[in-house]
Amino acid sequence: MGLDQKGDIVFRVSRGKNSQWDVNEKGFDKPLASFDSEKDACGYANDLAKTKQGSKVVVEGRQLIGRLSLPAHSKR
């Protein structure tokens with residue numbers, strides 16, 4: 001598992017080489033999945049975080065403790 005300094009699991013959402021949004025587990029090079037929108041990538045990362053106690057989602061330099069909450073009307 002991708003662990004940070006405290007031993008937490010970290011899922012990272014960032015722009016990939018192909019202009020898609022990639023979801024990676026910290027410590028692994030290959031993305032778990034790629035999406036056309038940031039919102040979809042964040043949703044996937046959030047779903048992963050729900051399954052792993054103590055996990056975190058990090059999106060392009062901003063750290064979200066626990067799971068990410070996006071409003072239904074968000075255009076991300």
Side-chain angles (χ1 to χ4, degrees):
M1 296 284 149
L3 304 176
D4 71 4
Q5 295 170 352
K6 297 176 187 171
D8 294 327
I9 299 166
V10 179
F11 297 104
R12 181 173 304 277
V13 177
S14 61
R15 279 284 194 187
K17 295 178 184 176
N18 56 3
S19 296
Q20 289 192 313
W21 289 91
D22 291 342
V23 177
N24 292 77
E25 188 171 342
K26 187 175 178 183
F28 295 90
D29 294 330
K30 189 174 181 179
L32 298 170
S34 297
F35 298 88
D36 291 329
S37 75
E38 180 186 18
K39 180 180 177 182
D40 289 343
C42 289
Y44 180 76
N46 190 40
D47 288 345
L48 288 174
K50 288 179 187 177
T51 67
K52 307 287 183 178
Q53 185 175 1
S55 61
K56 296 179 184 179
V57 176
V58 177
V59 182
E60 287 280 299
R62 29 178 197 160
Q63 181 172 325
L64 304 167
I65 305 301
R67 293 181 296 277
L68 175 65
S69 295
L70 291 176
H73 64 278
S74 175
K75 294 185 179 183
R76 296 174 91 180

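If you read the sequence from its start, that first residue is 1, and numbering goes on from there.
- Applying the ring-ring contact (aromatic ring centres under 6.0 Å, His included) definition to pairs two or more places apart or across chains, those involving residues 36-55 are Phe35-Tyr44.
- The nearest pair of heavy atoms linking Val57 to Ala45 is CG2-O, 3.8 Å.
- Residue Trp21 comes nearest to Ala41 through the heavy atom pair CB-CB, 3.6 Å, listed as atom of the first residue, atom of the second, then distance.
- Under the side chain to side chain donor-acceptor pair (under 3.5 Å) criterion, Asp36 pairs with Gln20, not counting sequence neighbours.
- Ser55 and Ala49 get closest at one heavy-atom pair: OG-O, 2.9 Å.
- By the side chain to side chain donor-acceptor pair (under 3.5 Å) test, Asp22 pairs with Ser34, sequence neighbours left out.
- The backbone N or O of Arg15 sits less than 3.5 Å from a side-chain atom of Glu60, completing a donor-acceptor pair.
- Atom CD1 of Ile9 is separated from atom CD of Gln53 by 9.5 Å, given to the nearest 0.5 angstrom.
- The structure places CZ of Phe11 at 10.5 Å from CG of Asp47, a figure rounded to the nearest 0.5 Å.
- Note: Arg12 CZ to Glu25 CD = 12.0 Å, rounded to the nearest 0.5 Å.
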